[in-house]
Structures are given as C-alpha cells and as structure tokens.
Undergrad: 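My questions will all concern the structure given below.
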Amino acid sequence: MGSVFEEICIQHLYRPDVIENAPFFYGSVGRWWGTDPRIKSQVEIDILGTCGEHMLLGECKWRNEKTDVDVLEKLRYCGEMFHQREKWYYLFSKSGFTGAIREKAKESDRIRLIGFADMEKYKDGRN
C-alpha cells in the first residue's frame with residue numbers, strides 16, 4: 001500500500017484548493033532517488049518538486065502508528081543535499097501525527113501535515 005499511498009499523496013498536491021494555497025508553482029512532482037554524497041549511500045525522497053530557488057520535499061507514511069518528529073528530521077536532512085534556499089516539507093500520514101511533530105509544525109509555515117482523513121473527505125470532489 002505504501003506506493004499506492006504515495007501516488008494518492010502526489011495527486012492530492014494537484015487538487016485545485018491545494019494548488020491555490022501552495023507556496024510556489026511546483027509543476028511536476030515525483031519520487032527522487034540518488035546518492036547522498038555525505039554518507040555515500042542511496043537515499044529516496046517520496047515527493048520532490050522544484051521551481052527555481054523553491055523546493056517541496058514530501059514523505060508519505062502508510063502505517064498504523066502516528067508519524068513523529070524523526071520523519072521530519074530525516075526529510076530535512078535529505079533536503080540539505082539540494083541547493084534551493086527555500087524548502088517546504090509536506091508530511092502525509094495514514095494514522096495522523098504525534099503531538100511533538102504538531103508542535104514542530106507550529107514553529108514554521110514551511111511544514112505541512114496532511115492526514116489521510118483530510119485527503120479522504122475530498123475524494124468525491126465535494127467538501
């Protein structure tokens with residue numbers, strides 16, 4: 001289900017209300033694989049979109065536990081590989097988010113937490 005959920009998350013980014021509130025025009029987004037030169041190892045980012053100095057990095061978690069701060073920190077670490085100055089972090093979660101990551105998200109408007117339940121309520125095209 002993980003790869004299916006990733007595709008659902010990508011499609012969510014193209015909903016008109018999401019695009020309207022996007023921090024920048026990200027055009028096409030998709031999965032990214034590459035080598036992290038700092039650790040000389042392969043890394044994967046579920047969702048990556050760029051436009052000039054702007055970058056959207058996303059992580060999609062389809063699991064039965066709430067997503068915690070470690071997922072955000074790993075995504076930020078991966079983001080350091082890229083030269084773009086302005087980065088936004090989108091975290092998608094089947095089971096929601098811990099209080100700790102919700103507190104982190106309050107500290108920055110560049111962190112977006114999107115639960116599966118939030119995406120589901122729009123599945124039929126109505127609010």
Side-chain angles (χ1 to χ4, degrees):
M1 274 303 290
S3 61
V4 172
F5 185 55
E6 289 172 15
E7 184 57 37
I8 291 168
C9 296
I10 288 171
Q11 290 176 15
H12 175 81
L13 292 173
Y14 289 106
R15 288 190 17 209
D17 60 316
V18 174
I19 289 175
E20 184 178 300
N21 294 303
F24 65 96
F25 177 73
Y26 38 77
S28 65
V29 295
R31 175 181 294 270
W32 182 89
W33 288 279
T35 301
D36 182 339
R38 300 166 296 183
I39 58 174
K40 296 178 178 49
S41 181
Q42 287 289 103
V43 294
E44 172 188 341
I45 299 172
D46 293 341
I47 298 174
L48 187 86
T50 63
C51 181
E53 287 299 312
H54 306 285
M55 176 175 273
L56 181 152
L57 298 106
E59 185 68 25
C60 309
K61 293 297 181 189
W62 184 262
R63 55 187 180 189
N64 293 327
E65 58 192 48
K66 293 184 178 196
T67 300
D68 201 4
V69 175
D70 62 317
V71 176
L72 173 61
E73 295 308 320
K74 181 180 176 193
L75 193 58
R76 282 181 163 165
Y77 178 79
C78 287
E80 292 172 2
M81 290 187 294
F82 302 97
H83 74 276
Q84 282 80 1
R85 286 185 229 155
E86 296 190 21
K87 297 179 177 107
W88 282 264
Y89 303 93
Y90 282 56
L91 289 99
F92 297 88
S93 176
K94 169 191 170 189
S95 301
F97 302 92
T98 65
I101 197 169
R102 288 185 182 282
E103 287 301 313
K104 278 280 188 199
K106 287 178 185 176
E107 296 171 8
S108 172
D109 64 348
R110 293 190 183 193
I111 301 170
R112 310 263 171 102
L113 306 179
I114 302 114
F116 185 58
D118 299 326
M119 291 187 285
E120 258 195 329
K121 67 182 174 182
Y122 297 100
K123 69 181 175 185
D124 63 359
R126 295 183 305 239
N127 291 339

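Computed over heavy atoms, backbone and side chain alike; hydrogens, waters and symmetry mates excluded.
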Undergrad: Identify the two heavy atoms, one from Y90 and one from A22, that lie closest to each other, and give their separation to 0.1 Å.
TA: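 Closest pair (atom of Y90, atom of A22, distance): OH-CA, 4.4 Å.
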Undergrad: Does any non-hydrogen side-chain atom of E53 lie less than 4.5 Å from one of H83?
TA: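 Result yes, sub-4.5 Å side-chain heavy-atom pair found.
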Undergrad: Evaluate the criterion side-chain contact (heavy atoms from CB on, under 4.5 Å) for residue pair M119 and F5; output intermediate values, then yes/no.
TA: CA-CA 11 Å; M119 291 187 285; F5 185 55; 3.4 Å; yes
Undergrad: Which class fits the ring pair W88 and H54: parallel under 30°, tilted 30 to 60°, perpendicular over 60°?
TA: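 Ring orientation, 0 to 90° scale: tilted.
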Undergrad: If hydrophobic clusters are built by linking Ile, Leu, Val, Met, Phe, Trp and Tyr wherever their side-chain heavy atoms come under 4.5 Å apart, do F24 and L13 end up in the same one?
TA: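 In one cluster: yes.
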Undergrad: Under 4.5 Å between any side-chain heavy atoms of R38 and E80, yes or no?
TA: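 Yes - at least one pair of side-chain heavy atoms lies under 4.5 Å apart.
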Undergrad: If you compare all heavy atoms of S93 against all heavy atoms of T67, which two are closest, and at what distance to 0.1 Å?
TA: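 Closest approach of S93 to T67, heavy atoms only: OG-OG1, 2.9 Å.
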Undergrad: Is the CZ atom of R85 crowded by more than 12 outside heavy atoms at less than 6.0 Å?
TA: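 No, CZ of R85 has 12 or fewer neighbouring heavy atoms, counting only those of other groups under 6.0 Å.
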Undergrad: Would you say L56 ends up clustered with I111 if hydrophobic residues are merged whenever their side chains have heavy atoms under 4.5 Å apart, either directly or through other cluster members?
TA: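 In one cluster: no.
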Undergrad: Are V43 and L72 linked, directly or through other ILVMFWY residues, by side chains that come within less than 4.5 angstrom of each other?
TA: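 In one cluster with V43: L72, yes.
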Undergrad: So which atom in S28 and which in Y14 form the shortest heavy-atom distance, rounded to 0.1 Å?
TA: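 That closest heavy-atom pairing would be CA-OH, 3.2 Å.
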Undergrad: Between M81 and W32, is the side-chain contact (heavy atoms from CB on, under 4.5 Å) condition met? List the steps.
TA: CA-CA 12 Å; M81 290 187 294; W32 182 89; 3.7 Å; yes
Undergrad: State, with a plain yes or no, whether a side-chain heavy atom of C9 is found less than 4.5 Å away from one of F116.
TA: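 No, every pair of side-chain atoms sits at 4.5 Å or beyond.
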Undergrad: Quick one: does K87's side chain have a donor or acceptor within less than 3.5 Å of a partner on F82's backbone?
TA: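 The answer is yes, because a donor-acceptor pair under 3.5 Å joins these two groups.
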Undergrad: Do Y26 and L113 belong to the same hydrophobic cluster, where Ile, Leu, Val, Met, Phe, Trp and Tyr are linked whenever their side-chain heavy atoms lie under 4.5 Å apart, directly or via other members?
TA: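 Not linked; separate clusters.
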Undergrad: Is there a donor-acceptor pair closer than 3.5 Å between any side-chain N or O of S95 and the backbone N or O of R63?
TA: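 A pair under 3.5 Å: yes.
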Undergrad: Give a yes or no on whether V29 and Y89 share a hydrophobic cluster (residues Ile, Leu, Val, Met, Phe, Trp, Tyr; joining criterion: side-chain heavy atoms under 4.5 Å apart).
TA: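 No: no chain of side-chain contacts under 4.5 Å links V29 to Y89.
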Undergrad: Given side-chain contact (heavy atoms from CB on, under 4.5 Å), test L91 with K61 step by step and report yes or no.
TA: CA-CA 8 Å; L91 289 99; K61 293 297 181 189; over 6 Å; no
Undergrad: F92 and side chain to side chain contact (heavy atoms under 4.5 Å, CB included): which partner among I8, I10, I47, D46?
TA: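 Among I8, I10, I47, D46, the one meeting side chain to side chain contact (heavy atoms under 4.5 Å, CB included) with F92 is I47.
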Undergrad: When you measure from the side chain of D68 to the backbone of D70, do you find a donor-acceptor pair of N or O atoms at a distance under 3.5 Å?
TA: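 No.
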Undergrad: Quick test of your reading of the model: are K74 and E59 salt-bridged, counting only N-O distances below 4.0 Å?
TA: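 Judged by the 4.0 Å cut-off on N to carboxylate O distance, K74 and E59 do not form a salt bridge.
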